[in-house]
Number of protein chains: 2
Amino acid sequence: MVTIKDIAKRAGVSRGTVDRVLNNRPGVNPETEARVRALIEEMGYRPNMAGQMLAVKKRRLHLAFLIFHGPEFVFHLDILHAARDKAAELREFGVTVDFFLIRQLDTPYLEQIFHDVEESHPDGIAALPLRTTSFMSFIQRMHAKGVPTVFFNLDEDFAPHLAYVGCDYVHSGRVAAGLTALCTGSQGQVGIAAADGPNSPSFAGRMGGFSQELTATYPSLTMVDGGMPALFRDGDFTEVVNMVEHNPDMKALYIVNMGDYGVCQEIHRAARGRNLSVITHDLAPAQQELLKNGLISATIVQQPDIQGSMPLQMLYDYLAFGTVPKPKLFTDLHIYIRQSV
Amino acid sequence: MVTIKDIAKRAGVSRGTVDRVLNNRPGVNPETEARVRALIEEMGYRPNMAGQMLAVKKRRLHLAFLIFHGPEFVFHLDILHAARDKAAELREFGVTVDFFLIRQLDTPYLEQIFHDVEESHPDGIAALPLRTTSFMSFIQRMHAKGVPTVFFNLDEDFAPHLAYVGCDYVHSGRVAAGLTALCTGSQGQVGIAAADGPNSPSFAGRMGGFSQELTATYPSLTMVDGGMPALFRDGDFTEVVNMVEHNPDMKALYIVNMGDYGVCQEIHRAARGRNLSVITHDLAPAQQELLKNGLISATIVQQPDIQGSMPLQMLYDYLAFGTVPKPKLFTDLHIYIRQSV
DNA sequence: TTGTAAGCGTTATCAC
DNA sequence: GTGATAACGCTTACAA
């Protein structure tokens, strides 16, 4: 294994000089630099993680983590838990993480939070991107300061960021279509239901992938109401119940996004013993129960743990080792059924 | 963060003494030990990974990896690739890995390999367990020498080992049953096919889980021929073809283990356009194609990458940090369909 | 029984 | 521009 010491010896310089070259720091004679670079290449130098880890401790890295928080954000809670675990893990390496929980969406409140983040002078930021100008300008300010940001859960490209970690919603919808085909024998009718309608960022992607895959691969499988989703919320499931009752040929129901898990009970009741497959996304504790009871046939997960831990890990790797992550890390789209849990 | 130095200072002893206590090495005054131990507890000492990694390099750890190798072991090839990647990764930490590829099963050949492994004086062994006395006595000899072993892929308990990494075959069969139910609407007939029959170690577990789940959860779903598998091999698919042709009510076919992927084509031909769901295990390149073509409806993976990498990682963690792994690490049983790849 | 010191590889801070 | 040195936290061989 080649070390900086080896390079220094062969180049006839000190470790410090080699380090300067490696980290593109100024103050090295071009000739020396060329010689050192050649040796780095020739000897196949690879930095040693353990050594770097030990050394970066002294920098006392500080990260910020921004996420929604509240009873309506079940999925984000899983992400937060994973992030907290990762933060605890990183403590050992001299990294501290400050969590900023967003509980409202009004502008002055958000401005205040962004201000607080900025004042904490983080070395890196992991954030769930918001579609507001205040968020955008905040990220841009930090970017100007050279502070890297990693986005998670929502793939927004309006602000500069190092990487995105999360779901490929279009692909996710395509898998849902395949799953629907599996459950229905690739023919018949499938209904669409959703808690957050077309204005939700994830809805569009999933619906696009779903209908695209349906027309491309399963022409005998058609959507009830031409794909118009039955919307539900706050205990009001009438649209969904109507859809189930008025379409006796409907063999599957695709719930694009869940809000109130009570909808499954209502669907089951409205189906009156007929064989209706229910396909959902994610695997909140409530959904695990519904899967067990057979009220959900299958669900597609999007690895909240990865979405919570990887942004922090990526920032650490970037700051500590200079590792540039791939711009998009899509989580796996695993299918869970009753027996999987 | 609490370090050994901190403990030493507060205890009024040297780092060496604290280290002796931490690693249960002899030669420490019981009183001193008690005082140090109390402080370790009280101050919440956690060893620092980076520091340990750096220090263990000097031990130049050496591991051995034993696995089947040959054209008939497609799945094991994926494991081997993952193990090689992990070995390359561990090189940086001063770890070398020797691979021992088992190409035959006759006793003298095996004895020779085991002898070679022993002569290489490994600090740890990762092995696919064989049901032979020579393997058993080999593992026992190494165990007596204090060399830890991690098994993978087959969960055999006849020889002492630190941990098992691999599939829970019974659970795997249960997931297959649930998947069959999903594809058939939980009723009708399902056929069983297999390349390696009842004498294969994985077959028993999967079939047990499958039939158990079927009777417990899906009473309207019955097995063709009472669960007698149609066996196939070396291009001879007559049993399977007969099963498909003679049972027009059969709505699904569960292939418990694959040998020749050509069987899917034959099944498709024999089905003559009728809707027959085919459920398999694993995801070899050939299977990916079949999934894409619709000749396989769904497959259950058992994470060969984890089975290859984790045994080596566990041995390193055990030898470097003293981390005792949980005795059984079951791989995730993820379901893949056409759209998943 | 305990302490000391060197070393694992990298980085930062001086001094020159 | 460059070199020396002291960390970062841990282990180990050797000295006391």
Side-chain angles (χ1 to χ4, degrees), chain A residues 1-36 40 43-61 90-95 123 316-317 319-323, chain B residues 1-36 40 43-61 90-95 123 316-317 319-323:
Chain A
M1 230 215 62
V2 186
T3 73
I4 287 190
K5 216 163 137 189
D6 299 332
I7 309 262
K9 199 179 293 171
R10 282 268 305 264
V13 296
S14 76
R15 300 218 285 278
T17 303
V18 178
D19 184 64
R20 273 181 279 266
V21 173
L22 279 170
N23 296 291
N24 303 307
R25 268 192 283 273
V28 182
N29 182 315
E31 280 177 36
T32 331
E33 176 172 348
R35 202 169 69 247
V36 169
I40 287 169
M43 302 173 72
Y45 168 79
R46 298 262 147 250
N48 181 284
M49 232 183 138
Q52 272 173 316
M53 276 161 110
L54 221 38
V56 279
K57 278 205 68 167
K58 289 193 274 194
R59 280 169 59 188
R60 304 223 123 270
L61 291 175
L90 289 176
R91 279 208 45 167
E92 172 183 351
F93 307 121
V95 180
D123 296 295
Y316 176 70
D317 289 345
L319 295 165
F321 313 129
T323 321
Chain B
M1 230 217 60
V2 186
T3 73
I4 287 191
K5 215 164 138 188
D6 299 331
I7 308 263
K9 199 179 294 173
R10 282 268 305 263
V13 295
S14 76
R15 301 220 283 279
T17 303
V18 178
D19 184 66
R20 273 181 279 268
V21 173
L22 280 169
N23 296 291
N24 303 306
R25 266 192 285 273
V28 182
N29 184 315
E31 279 177 35
T32 330
E33 175 171 347
R35 201 168 68 247
V36 170
I40 287 170
M43 302 173 71
Y45 169 79
R46 298 261 148 252
N48 180 283
M49 233 183 138
Q52 270 173 314
M53 276 161 110
L54 221 38
V56 279
K57 276 206 69 166
K58 291 195 273 196
R59 279 168 60 186
R60 304 223 124 269
L61 291 175
L90 289 176
R91 279 208 45 166
E92 173 183 350
F93 307 122
V95 180
D123 296 295
Y316 176 70
D317 289 346
L319 295 165
F321 313 129
T323 321

From [options], pick the nucleotide closest to the side chain of [X]?
| X | options | value |
| --- | --- | --- |
| Asp19(B) | dG9(C), dT12(D), dA4(D) | dT12(D) |
| Thr32(B) | dT2(C), dT11(C), dC10(D) | dT2(C) |
| Arg15(A) | dG3(D), dA6(D), dT1(C) | dA6(D) |
| Gln52(B) | dG1(D), dT11(C), dT11(D) | dT11(D) |
| Lys57(A) | dG9(D), dT2(C), dT10(C) | dG9(D) |
| Leu54(A) | dT2(D), dG7(C), dG9(C) | dG9(C) |

Rounded to the Å, how far apart are [X] [atom1] and [N] [atom2]?
| X | N | atom1 | atom2 | answer |
| --- | --- | --- | --- | --- |
| Arg60(A) | dG9(D) | CZ | C1' | 13 Å |
| Lys5(A) | dA6(D) | NZ | P | 15 Å |
| Phe93(A) | dA7(D) | CZ | P | 22 Å |
| Glu92(A) | dG9(D) | CD | P | 10 Å |
| Met53(B) | dC10(D) | CE | P | 14 Å |
| Met49(B) | dT11(D) | CE | C1' | 17 Å |
| Leu22(B) | dT12(D) | CG | C1' | 14 Å |
| Ile4(B) | dA5(C) | CD1 | P | 18 Å |

- How would you label the contact of Tyr45(B) with the nucleic acid (heavy atoms, under 4.0 Å): base, sugar-phosphate, or nothing?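 Touches sugar-phosphate only.
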- Task: Remember a base hit wins even if backbone is also touched, and classify Arg25(A) as base, sugar-phosphate or nothing at under 4.0 Å, heavy atoms.
- Result: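 Here Arg25(A) touches the backbone only, sparing every base.
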Under 4.5 Å between any side-chain heavy atoms of [X] and [Y], yes or no?
| X | Y | value |
| --- | --- | --- |
| Lys57(B) | Met1(A) | yes |
| Leu54(B) | Asn48(A) | yes |
| Leu61(A) | Tyr316(A) | yes |

On the nucleotide [N], are OP1 or OP2 found under 4.0 Å from the side-chain N or O atoms that [X] carries?
| X | N | answer |
| --- | --- | --- |
| Ser14(B) | dG3(C) | yes |
| Asn48(A) | dC8(C) | no |
| Thr17(A) | dG1(D) | no |

- Message: Reading DNA chain C from 5' onward, which residue's closest nucleotide shows up sooner: Arg20(B) or Val56(B)?
- Response: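 The 5'-side residue here is Arg20(B).
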- Nearest nucleotide by nearest heavy atom, which residue falls closer to the 5' end of DNA chain C, Gly16(B) or Lys58(A)?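 Counting from the 5' end, the first nearest nucleotide belongs to Gly16(B).
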- Item | Step-by-step side-chain contact (heavy atoms from CB on, under 4.5 Å) determination, Arg20(A) to Glu33(A) | CA-CA 9 Å; Arg20(A) 273 181 279 266; Glu33(A) 176 172 348; over 6 Å; no
- Arg25(B), CZ atom: more than 12 neighbouring heavy atoms under 6.0 Å: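 Check passes, neighbour count above 12.
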- Message: For a quick test of reading the model, state the closest non-hydrogen atom pair linking Leu319(B) to Arg59(B) and the distance between them.
- Response: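 Of all heavy-atom pairs spanning Leu319(B) and Arg59(B), the closest is O-NH1, 3.1 Å.
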